[in-house]
Protein chains: 2
Amino acid sequence: MTVNEAEFLASYDPRAYPPVAVTVDVVAFTIRQDALTVLLVRRAGPPSEGMWALPGGFVREWEDLSTAAARELAEETGVATANRRLHLEQLGTYGAPDRDPRMRVVSVAYLAFAPDLPDPVSGSDARVAAWTPVGEVDRLAFDHGTILADGLDRARSKLEYTPLATTFVGEEFTIAELRAVYETVWDEQLHAGNFHRKVLSVPGFVESTGAVTERGGSRGGPRAKLYRAGDARLLHPALLMPSKEETVR
Amino acid sequence: MTVNEAEFLASYDPRAYPPVAVTVDVVAFTIRQDALTVLLVRRAGPPSEGMWALPGGFVREWEDLSTAAARELAEETGVATANRRLHLEQLGTYGAPDRDPRMRVVSVAYLAFAPDLPDPVSGSDARVAAWTPVGEVDRLAFDHGTILADGLDRARSKLEYTPLATTFVGEEFTIAELRAVYETVWDEQLHAGNFHRKVLSVPGFVESTGAVTERGGSRGGPRAKLYRAGDARLLHPALLMPSKEETVR
DNA sequence: TTAATAGTGTCTATCAGACATTATTAC
DNA sequence: GTAATAATGTCTGATAGACACTATTAA
């Protein structure tokens with residue numbers, strides 16, 4: 001750093017710029033009872049007191065954005081930040097000038113995928129949090145409805161070309177369990193036989209553990225082979241959504 | 001709004017939160033002389049005075065994020081915000097606590113695609129701006145090297161499944177010109193015949209104008225048919241990068 | 001025994017890519 | 001004429017999806 005720069009920094013006044021707050025909001029998806037569910041919190045104070053909203057909060061002074069998102073998620077669910085089965089990615093940033101009545105708030109939204117998590121723990125601030133099936137979500141506070149819709153779009157397309165479906169199931173899983181994830185998120189029935197062959201044909205998507213399930217299906221059928229997530233980060237070829245046939249215009 | 005909320009807003013103190021500044025930075029790509037080029041500005045003041053950086057600046061008080069990005073781009077290039085051939089999309093947000101030595105700065109990065117634009121106009125603040133081939137970009141200020149790399153990745157994959165390549169060419173274009181865009185951005189040689197057939201087979205990608213070029217190619221060949229962008233927003237099936245064959249692990 | 005499920009086999013239409021061919025133009 | 005290019009044709013291997021079939025298990 002030059003002497004000039006040091007002088008500049010010393011005289012620099014952050015207050016000269018309009019006050020802005022930066023928050024993170026998290027769209028956390030998990031699958032419970034064959035339904036895609038999202039973590040929501042009921043706002044304990046104004047604005048929009050009593051409305052459901054995405055979990056989130058202000059970014060702390062020395063905190064990275066993704067760290068803040070992981071912290072907010074952990075505060076609501078108790079899921080360890082270091083949980084390797086948790087996927088966290090940046091979704092987008094929402095900064096319309098009037099999106100929060102208090103002041104200019106720019107929110108960086110994150111998308112989280114996790115296997116079935118325990119019920120949320122009520123934080124010390126007595127906030128109520130709950131996993132809610134996305135089909136039952138009504139109106140949300142602020143622009144969180146838009147953020148949730150964007151997160152859902154992202155999740156649906158991410159299943160196509162990444163192995164992220166495996167983050168919704170346990171360490172070891174059957175092909176049928178993996179298919180259930182796709183069917184739940186895409187809201188589409190998939191052909192069991194073709195799905196099976198397709199998944200095994202994609203290099204690095206899943207790898208066999210050599211074991212099979214303890215029992216067959218609840219309504220009969222042979223015991224299924226168990227797999228774990230492979231080392232692929234992208235799926236080639238991709239698994240495309242059936243309904244995507246019609247070109248979006 | 002309830003009475004309680006009104007009271008709350010009146011007593012709300014934005015200064016209670018750590019000071020953060022929000023900026024936008026723009027990764028603006030265009031194609032000049034068969035090279036993918038990005039718009040850079042030389043920093044006129046500290047920090048990193050004299051270094052090249054992405055164009056950008058602070059978001060104004062009542063300004064939307066995308067509006068701010070369009071404004072910053074217009075200030076450097078003179079390209080009208082209303083230019084319909086300009087594509088602008090949010091790329092991502094960069095907020096590492098130490099990414100700017102002045103203070104906590106969270107930057108929302110935007111990605112812009114445009115047909116060959118005029119040379120940048122020097123702003124009243126005497127900033128120097130220039131279109132620079134991405135292959136010749138050296139070190140950039142702040143974390144702008146990372147942002148540029150992310151923007152390049154995004155641009156390359158966007159060409160696969162969206163018709164955005166058409167934003168790099170003029171209103172009317174030949175298939176060969178479109179192919180040149182793909183070859184430039186992907187840095188791959190494509191098979192002319194197969195590319196031609198593929199582009200015409202994707203519904204809504206391009207539509208014929210009925211006209212042909214005034215002259216044949218500079219080194220001979222028939223006059224090519226002219227096309228304009230179609231109404232598709234997504235390409236089905238997609239044009240996949242040849243080198244993507246190897247699964248990324 | 002019955003029904004459901006896991007996993008595999010087969011067939012067909014489609015598509016990407018390699019390669020060839022024809023027509024048209026600049027020089 | 002010669003070389004380059006636009007546009008189209010042909011062939012092959014790979015793949016998605018429809019459908020069929022066998023083996024295995026719960027009830």
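Below, each value reflects all heavy atoms present in this structure, side chains not excepted, and no hydrogens, waters or symmetry copies. Residue numbers start from 1 in every chain, and the chains themselves are labelled A, B, ... in the order their sequence lines are given, proteins ahead of strands.
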Open item on the list: Heavy atoms within less than 4.0 Å of DNA chain C: which residues of residues 213-225 of chain A have one? Give them sorted by number.
Closed with: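 The answer is A:Arg219, A:Gly220, A:Gly221, A:Pro222, A:Ala224, A:Lys225.
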
Contact between [X] and [Y] at the side-chain level, heavy atoms closer than 4.5 Å - yes or no?
X	Y	result
A:Leu239	A:Val199	yes
A:Thr166	A:Tyr227	no
A:Val26	A:Leu54	no
B:Leu226	B:Thr213	yes
B:Phe195	B:Ile175	yes

Figure out the [atom1]/[atom2] separation between [X] and [N], and round it to whole Å.
X	N	atom1	atom2	answer
A:Phe195	C:dT8	CZ	C1'	16 Å
B:Leu239	C:dG17	CG	C1'	13 Å
A:Leu178	C:dA6	CG	P	12 Å
A:Met241	D:dG17	CE	P	12 Å
B:Phe173	D:dA6	CZ	P	14 Å
B:Leu235	C:dC15	CG	C1'	16 Å
B:Leu190	C:dC19	CG	C1'	16 Å

Open item on the list: When you compare the side chains of B:Asp25 and B:Tyr94, does any donor N or O come within less than 3.5 Å of an acceptor on the partner?
Closed with: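 No, no side-chain donor-acceptor pair sits under 3.5 Å.
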
Open item on the list: Can you give me the closest heavy-atom contact between B:Thr184 and B:Ala35, atom names plus distance?
Closed with: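 B:Thr184 and B:Ala35 have their closest heavy atoms at CG2-C, 3.7 Å.
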
TODO: Kindly give the heavy-atom pair with the smallest separation between B:Tyr182 and B:Leu190, and that separation in Å.
DONE: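 Scanning both residues completely, I find the closest heavy atoms to be CB-CD1, 3.6 Å.
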
Task: Phosphate OP1/OP2 of C:dC19: any B:His191 side-chain N/O under 4.0 Å - done: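 Looking at the OP1 and OP2 atoms of C:dC19, neither is under 4.0 Å from any side-chain N or O of B:His191.
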
Task: Contact under 4.0 Å: A:His196 side-chain N or O vs C:dG7 OP1/OP2 - done: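 For C:dG7, OP1 or OP2 has a side-chain N or O of A:His196 closer than 4.0 Å.
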
TODO: Would you mind telling me which residue lines up with the more 5' stretch of DNA chain C, B:Asn194 or A:Leu200, judged by nearest nucleotide?
DONE: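 The residue closer to the strand's 5' end, by nearest nucleotide, is A:Leu200.
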
TODO: Identify whether any heavy atom of A:Ala176 sits under 4.0 Å from a base atom; if not, whether one sits that close to sugar-phosphate; answer base, sugar-phosphate or nothing.
DONE: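 Sugar-phosphate, no base atom in range.
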
Write out a two-atom table: protein N or O, nucleotide N or O from nucleotides 12-16 of chain D, distance below 3.5 Å.
{"residue": "D:dA16", "atom": "OP1", "partner": "A:Lys198", "partner atom": "NZ", "Å": "2.4"}

- [ ] Step through the shown structure and confirm whether more than 12 heavy atoms of other residues, nucleotides or ligands are within 6.0 Å of CG on A:Asp187.
- [x]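 Atom CG in A:Asp187 is not crowded, with 12 or fewer foreign heavy atoms closer than 6.0 Å.
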
